[in-house]
Every structure is written in structure tokens, then in C-alpha cells.
Peer 1: 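Below are the C-alpha cells for one structure; questions will follow.
What's counted below: heavy atoms across the whole structure, side chains too, no hydrogens, waters or symmetry copies. When a ligand or atom number is given, it counts from 1 through the structure's own listing order. The model shown is predicted, which means the values in this text are computed figures rather than measured ones. Positions are given from 1 along the sequence.
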Amino acid sequence: MKAAILHQPGTPLTIEDVTLGDPGPFEIRLRTVASGLCHSDLSIIDGHMPWRFPALMGHEAAGVVEAVGASVTRIKVGDHVVTSPSAYCGACEDCLGGHMSLCETPGNRRAKGAPPKIALGSATVFPFFELGGFAEAMLIHERNCVAIRKDMPLDRAALLGCAVTTGFGAVARSAKVQLGETVAVIGCGGVGLATINAAAVAGASRIIAIDRVAAKLDAAIQMGATDIVDASTTDAVEAVRELTRGGVHHAIEAIGLKATIEQAFAMLRRGGTATILGIPPQGVKLELAAMDFFGEKKIQGSLMGSNQFPVDIPRYVDLYLQGRMKLDELISRRISLTDINTAFDEMRGATVIARSVIEFPA
Ligand SMILES: NC(=O)c1ccc[n+]([C@@H]2O[C@H](COP(=O)([O-])OP(=O)(O)OC[C@H]3O[C@@H](n4cnc5c(N)ncnc54)[C@H](O)[C@@H]3O)[C@@H](O)[C@H]2O)c1
Ligand SMILES: [Zn+2]
Ligand SMILES: [Zn+2]
């Protein structure tokens with residue numbers, strides 16, 4: 001099957017023929033139908049985060065199950081599934097305590113010495129998050145995916161795998177935005193736009209979208225933003241303080257830069273919470289005004305929106321099919337696997353508004 005392989009950071013992906021193994025006891029093989037491009041893939045491609053090579057990126061996918069291992073119980077052949085990076089063991093303190101996205105013992109990898117899931121000639125290929133969505137088929141653990149209603153279009157379902165789970169989870173699970181609260185979202189890419197939509201669904205009274213690309217701010221309004229701030233010409237912190245007369249209840253950062261994470265904290269009102277989604281390059285350190293803690297300002301991380309994806313994703317499917325979640329607007333480009341390097345160039349240059357989604361021929 002064809003897959004977009006990353007041999008080294010800083011080099012283009014190359015489309016190559018790779019071999020997918022047979023499903024192990026708890027694994028499933030799916031035909032990939034659609035796969036979104038996320039900035040986290042780009043961070044590995046550009047060498048901002050470590051990984052093993054050759055790598056197969058892609059972690060926001062949906063497809064149809066073609067084969068299941070002997071011990072698989074949750075998924076059957078023919079199921080439509082959405083993949084998730086948040087594999088979980090279901091038995092550790094985090095899983096049992098309701099924080100399954102923090103699970104550190106998901107048990108979704110093959111044992112050392114076992115044949116590789118994906119091979120390029122004689123070399124083992126390392127799939128991102130044990131997923132590898134930039135390929136015509138995927139071999140994944142059953143606890144890396146969830147089955148969904150078959151009337152859900154799979155191109156839009158793919159976005160639930162990362163951008164939407166992260167954005168909606170950030171609002172509903174990490175920040176727990178309350179009806180009527182004010183929210184600022186810094187960065188209006190795929191994740192930020194989903195976050196804006198989630199804040200609108202949650203009933204935030206003001207949703208201030210911040211980006212430095214005008215077309216992204218237009219998209220933010222479509223997703224439910226009530227106010228926009230162009231960070232290329234305006235000081236975002238001052239603008240938010242002015243719009244809200246003092247600061248927001250929630251600032252959610254969806255870029256991953258030191259400066260914008262610090263801005264998120266600085267634009268809070270007393271008692272407000274900054275929730276950080278963006279992943280900065282390794283080693284970045286922050287500088288915050290320590291006196292702000294005296295005003296009970298808080299800052300927290302949010303890993304994949306603190307999701308409980310087997311519960312959350314089927315709910316999101318219902319919200320979309322009821323017309324209450326915007327996914328059509330999140331797909332800016334439909335591309336084929338061979339367009340992948342151009343699409344990542346567009347992400348680097350912020351010329352694609354929301355997501356590029358690879359569609360695989362049936
Ligand atoms: N926490 C998690 O679990 C999680 C999950 C998914 C993605 N992420 C991270 O979230 C971030 C966003 O991902 P994405 O796929 O939406 O990326 P993206 O590239 O689609 O969007 C980034 C946006 O930030 C804007 N931007 C860049 N610099 C800016 C600045 N100085 N001021 C204002 N706007 C600026 C860009 O114009 C763009 O709209 C990335 O760091 C990604 O790795 C984290
Ligand atoms: Zn992602
Ligand atoms: Zn666990």
C-alpha cells in the first residue's frame with residue numbers, strides 16, 4: 001500500500017510502498033477513507049519534536065474496518081471508525097479516575113522483538129501515536145479508535161480524531177467553560193477554529209478570536225466568534241482587556257509559541273484560567289507575572305482536550321448530524337496523498353484556513 005514516509009526531519013515526505021502486517025490479537029486493520037493534516041504532524045516533520053525514523057505521520061483519520069485480531073471485542077469488520085492518539089489501558093489510576101487521556105500504560109504497542117506493524121523493505125516504520133494515518137490502510141490497537149454511526153460522512157468524521165476532540169475537549173472538559181463566560185482563542189487554525197465552535201456551543205457570551213491572518217479571522221466568525229483581533233496590527237492582550245473591560249474568564253492558546261502562551265495568561269481577568277493546547281518546540285520556558293497568581297489566575301495544559309474519546313466522539317457525531325457542530329467549514333482543502341508536501345507548505349505559511357484533509361480513493 002502507499003504511504004507518505006518521513007525519513008528524516010526537515011525533508012519532504014516521500015510516497016512509498018510499505019507492507020502492513022496482519023492484525024495481532026487486539027489489533028484492527030482499516031481502509032483509510034480520510035486523514036486530516038495537523039500541526040503536530042508538521043512539528044515532527046520540521047524537527048521540533050523528537051520521533052523515530054522512518055516515520056509515518058497522520059493521527060486524525062477515519063476509515064472502514066477490514067480485519068480484526070482474534071481477541072478484539074469492541075470493533076467488528078465493516079465498522080466505521082475514528083482513530084485517536086489517546087489510547088488507554090482502562091485499568092490504571094488515570095483511566096479509572098476519569099482521565100483516560102493521561103494514560104501512560106495504554107499497551108497499544110507491539111512487544112519488543114515482534115514483527116513490525118509496518119515495514120518499508122526490511123526496515124521498521126514508526127507510526128505516529130501508533131496510528132500512521134497518511135497511508136491507504138492502518139493497523140492499530142482497538143483502543144486507539146471508536147466505532148461511529150454509519151450515516152456520518154467519514155471525511156468530516158476524521159476531524160473528530162484530533163482537532164475537534166482537542167478543541168471541544170478543551171472547552172468542555174479542561175476549561176469547563178460555563179454559560180455566559182468570556183473566552184479568547186489565540187490561533188485560528190484547525191484546532192483554534194474547533195475551539196471557537198465549542199465555545200459557541202457551550203454558550204460563551206463573548207468569543208474573541210485572535211490570529212494574524214485576516215482570512216482565518218473571517219473563518220472564526222463563521223465558527224461563532226463574536227469579536228476578532230488581528231494580532232499582526234494590534235496588541236492582543238490590550239485588545240482583549242478593552243473588549244471585556246478587564247480580561248476574559250478563559251484564554252485558550254492554540255498555536256504553541258512562548259509569546260502567545262504568555263499572552264493567554266496576561267489577558268485573563270481575576271480568577272480566569274489559561275488553557276494551553278499549542279505545543280511549543282522542546283525546551284521553551286515561559287515567563288509569567290507571578291503577582292497574577294494573587295488574583296487567582298490559573299494556567300493549565302490540555303492534552304487532547306482531556307478527552308474521553310470513546311464517549312466524546314459518538315456524541316460529537318450526533319451534534320454534527322443535528323446541525324449543532326460545524327465540521328464542513330473546518331475542511332478547507334480536499335487533497336490526495338501525493339499533495340501532502342504542498343499542503344504542509346500551506347500550513348507552514350498559514351495560507352490554508354482550516355484543515356487539509358486527504359481523501360483516499362475507495
Ligand atoms: N494539546 C494537544 O493535545 C494538541 C492537539 C492537537 C494540536 N495541538 C497543537 O495545537 C497547535 C495548533 O494546531 P493546528 O493544527 O490548529 O495548527 P495550524 O497551523 O492550523 O494553526 C495555527 C494558527 O496560529 C496562527 N498563528 C501563528 N502565529 C501566530 C501569532 N504569533 N499570533 C497569532 N496567530 C498566530 C496561524 O495563522 C494559524 O491560524 C499546534 O501547536 C499543535 O501541535 C495540540
Ligand atoms: Zn493533532
Ligand atoms: Zn490507563
Peer 1: Of all the atoms in ligand 1, which lie at a distance below 4.0 Å from a heavy atom belonging to Gly187?
Peer 2: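 Counting atoms of ligand 1 from 1, those under 4.0 Å from Gly187 are 24 (O).
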Peer 1: What distance do Lys76 atom NZ and Ile28 atom CD1 have between them, rounded to the nearest 0.5 Å?
Peer 2: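 Answer rounded to 0.5 Å: 11.5 Å.
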Peer 1: Would you mind listing which atoms of ligand 1 come within a distance below 4.0 Å of any non-hydrogen atom of Leu303?
Peer 2: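 Contacts of ligand 1 toward Leu303, numbered from 1: 3 (O).
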Peer 1: So with a 6.0 Å cut-off around CD of Gln322, is the heavy-atom count from everything else above 12?
Peer 2: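 Yes, enclosed.
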Peer 1: Are there more than 12 heavy atoms of other residues, nucleotides or ligands under 6.0 Å from atom CZ of Arg269?
Peer 2: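 No.
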Peer 1: Of the protein's non-hydrogen atoms, which lies at the shortest distance from atom 43 (O) of ligand 1, and what is that distance?
Peer 2: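 Of every protein heavy atom, Ser40 OG, 2.8 Å lies nearest to atom 43 (O) of ligand 1.
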Peer 1: Can you sort out which atoms of ligand 1 are near Met347, meaning under 4.0 Å from one of its heavy atoms?
Peer 2: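 In order of number, 19 (O).
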Peer 1: For Phe293 together with Phe265, are the ring centres under 6.0 Å from each other?
Peer 2: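 Distance test on ring centres: under 6.0 Å, yes.
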Peer 1: What protein heavy atom sits nearest atom 18 (P) of ligand 1, and how far off is it?
Peer 2: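 Looking only at protein heavy atoms, the one closest to atom 18 (P) of ligand 1 is His39 ND1, 3.6 Å.
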Peer 1: The test is side-chain contact (heavy atoms from CB on, under 4.5 Å); show your working for His250 and Glu181 and say whether it passes.
Peer 2: CA-CA 8 Å; His250 297 279; Glu181 287 186 327; 2.7 Å; yes
Peer 1: We want to know whether Gln300 and Thr275 form a side-chain donor-acceptor pair, criterion being a heavy-atom distance below 3.5 angstrom.
Peer 2: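 A donor-acceptor contact under 3.5 Å links the two side chains.
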Peer 1: Could you work out, for atom 2 (C) of ligand 1, the closest of His59, Glu253, Lys216, Met304 by heavy-atom distance?
Peer 2: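 It is Met304 whose heavy atom sits nearest to atom 2 (C) of ligand 1.
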Peer 1: Take the Zn ion (ligand 3) as the vertex and measure to SG of Cys89 and SG of Cys95; round to 10°.
Peer 2: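 Rounded to 10°, it measures 110°.
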Peer 1: Per the side-chain contact (heavy atoms from CB on, under 4.5 Å) rule, which among Val33, Ile148, Asn144, Val65 passes with Val81?
Peer 2: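 Exactly one candidate clears the test, Val65.
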Peer 1: Is the Phe129-His59 ring centre distance short of 6.0 angstrom?
Peer 2: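 Centroid distance Phe129-His59: below 6.0 Å, so yes.
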Peer 1: Under the criterion side-chain contact (heavy atoms from CB on, under 4.5 Å), which of Ile299, Leu288, Leu257 is the partner of Glu262?
Peer 2: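 Testing each of Ile299, Leu288, Leu257 against Glu262, the sole residue satisfying side-chain contact (heavy atoms from CB on, under 4.5 Å) is Leu288.
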Peer 1: Applying side-chain contact (heavy atoms from CB on, under 4.5 Å) between Glu27 and each of Glu142, Glu130, Arg110, report the one that passes.
Peer 2: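 Exactly one pass, corresponding to Arg110.
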Peer 1: What is the closest protein heavy atom to atom 15 (O) of ligand 1, and at what distance does it sit?
Peer 2: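 Sorting protein heavy atoms by distance from atom 15 (O) of ligand 1 puts Arg355 NH1, 2.8 Å first.
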Peer 1: For atom 25 (C) of ligand 1, grab the closest protein heavy atom and report residue, atom and distance to one decimal in Å.
Peer 2: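 The answer is Asp211 OD2, 3.2 Å.
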Peer 1: Which atoms of ligand 1 sit under 4.0 Å from any heavy atom of Ala350?
Peer 2: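 Here the atoms of ligand 1 in question are 37 (O).
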Peer 1: Would Tyr316 and Phe168 count as a close aromatic pair, with their ring centres under 6.0 Å?
Peer 2: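 Between Tyr316 and Phe168, the centre distance is under 6.0 Å.
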Peer 1: Quick one: look up the protein heavy atom nearest atom 6 (C) of ligand 1 and list residue, atom name and how far away it is.
Peer 2: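 Closest protein heavy atom to atom 6 (C) of ligand 1: Cys162 SG, 3.3 Å.
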Peer 1: Are Trp51 and Phe128 close enough that their ring centres sit under 6.0 Å apart?
Peer 2: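 Trp51 vs Phe128: aromatic centres under 6.0 Å.
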Peer 1: Which heavy atom of the protein is the closest neighbour of atom 16 (O) of ligand 1, given with residue, atom name and distance?
Peer 2: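 Ranking protein heavy atoms by distance from atom 16 (O) of ligand 1, first comes Val191 N, 2.9 Å.
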Peer 1: Please identify which atoms of ligand 1 are closer than 4.0 Å to at least one heavy atom of Leu277.
Peer 2: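 Under 4.0 Å from Leu277, ligand 1 has these atoms: 1 (N), 2 (C), 4 (C), 8 (N), 9 (C), 10 (O), 44 (C).
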Peer 1: With a sphere of 6.0 Å drawn around CZ of Arg348, does it hold more than 12 non-hydrogen atoms of other residues, nucleotides or ligands?
Peer 2: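 Enclosed: over 12 neighbouring heavy atoms sit under 6.0 Å from CZ of Arg348.
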Peer 1: Using the Zn ion (ligand 3) as the apex, give the angle to atoms SG (Cys103) and SG (Cys92), rounded to 10 degrees.
Peer 2: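 Between SG of Cys103 and SG of Cys92, at the Zn ion (ligand 3), the angle is about 110°.
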Peer 1: With a cut-off of 4.0 Å, which atoms of ligand 1 are near a heavy atom of Gly190?
Peer 2: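 Once the distances to Gly190 are compared, the set is 16 (O), 20 (O).
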Peer 1: Return the residue, atom name and 0.1 Å-rounded distance of the protein heavy atom closest to atom 21 (O) of ligand 1.
Peer 2: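 Of the protein heavy atoms, Gly189 CA, 3.2 Å lies nearest.
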Peer 1: Numbering the atoms of ligand 1 from 1, which are under 4.0 Å from a heavy atom of Leu257?
Peer 2: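 Near Leu257, the atoms of ligand 1 are 28 (N), 31 (N).
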Peer 1: Can you confirm whether Glu296 is buried at CD, in the sense that more than 12 heavy atoms of other residues, nucleotides or ligands lie under 6.0 Å from that atom?
Peer 2: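 No, the 6.0 Å shell around CD holds no more than 12 heavy atoms from other groups.
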Peer 1: With a cut-off of 4.0 Å, which atoms of ligand 1 are near a heavy atom of Val213?
Peer 2: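 Selected atoms, number and element: 37 (O).
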Peer 1: So which of the N, O or S atoms of His59 lies nearest the Zn ion (ligand 2)?
Peer 2: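 Of all N, O or S atoms in His59, the Zn ion (ligand 2) lies closest to NE2.
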Peer 1: Can you tell me the protein heavy atom closest to atom 22 (C) of ligand 1 and the distance?
Peer 2: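 Minimum-distance protein heavy atom for atom 22 (C) of ligand 1 reads Ala254 O, 4.1 Å.
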Peer 1: Taking both backbone and side-chain atoms of Thr166, is any N or O found less than 3.5 Å from an N or O belonging to ligand 1?
Peer 2: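 Thr166 vs ligand 1: no N/O contact under 3.5 Å.
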Peer 1: So is Ser43 polar-close to ligand 1, meaning N/O to N/O under 3.5 Å?
Peer 2: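 Checking ligand 1 against Ser43, no N or O pair falls under 3.5 Å apart.
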Peer 1: Is there at least one pair of N or O atoms, one from Ile279 and one from ligand 1, spaced under 3.5 Å apart?
Peer 2: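 By distance alone, the answer is yes.
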Peer 1: Any salt bridge between Lys2 and Glu16, counting N to O under 4.0 Å?
Peer 2: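 Judged by the 4.0 Å cut-off on N to carboxylate O distance, Lys2 and Glu16 do not form a salt bridge.
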Peer 1: Would you say Cys38 reaches the Zn ion (ligand 2) with an N/O/S atom under 2.8 Å?
Peer 2: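 Cys38 does place an N, O or S atom closer than 2.8 Å to the Zn ion (ligand 2).
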Peer 1: Counting heavy atoms only, which of Thr260, Ile255, Asp230 is nearest atom 24 (O) of ligand 1?
Peer 2: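 Checking each option, the heavy atom nearest atom 24 (O) of ligand 1 is found in Ile255.
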